[in-house]
Amino acid sequence: MSTTAADGRRHCGAARNREGSDVSAAVSAKVLERFPAGAPRGSWPAEEYAARRRAEGEPATVVMDLESDAFLVVVPSDGD
């Protein structure tokens, strides 16, 4: 479960870990960019975008939004 706040921050409530178990988290992050999960095989646009942002000094991370089937490039919100 995830929701988007009026200021664009994403609040992720649950995700799956590598073993497939549900993991709950209270995370608040600002979404920089969204990428659909259906990118061509061998293409990693979200990871490439996050790498460019990290090279510019931003702590960008890629997370999966299971509800919208999209990869989100996020940075910690100012309150974290």
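- Looking at every heavy atom in both residues, Phe71 comes nearest to Pro36 through CD1-O, 4.5 Å.
- In plain terms, the two heavy atoms of Ala70 and Arg34 that are nearest each other are CB-NH2, 4.1 Å.
- For the residue pair Val62 and Ala46, the shortest heavy atom distance occurs at CG2-O, 3.6 Å.
- Applying the side-chain contact (heavy atoms from CB on, under 4.5 Å) rule to Ala51 yields the partners Arg54; only residues at least two apart in sequence or on another chain are considered.
- Rounding to the nearest 0.5 angstrom, the gap separating the CG atom in Leu72 from the OG1 atom in Thr61 is 11.5 Å.
- Sorted by first and then second residue, the side chain to side chain donor-acceptor pair (under 3.5 Å) pairs involving residues 41-53 (not counting sequence neighbours) are Tyr49-Arg53, Arg53-Glu58.
- In this structure, Phe35 and Pro45 approach most closely via the heavy-atom pair CD2-CB, 3.7 Å.
- Val31 has its side chain out of reach of Val73: every pair of non-hydrogen atoms, C-beta onward, lies at least 4.5 Å apart.
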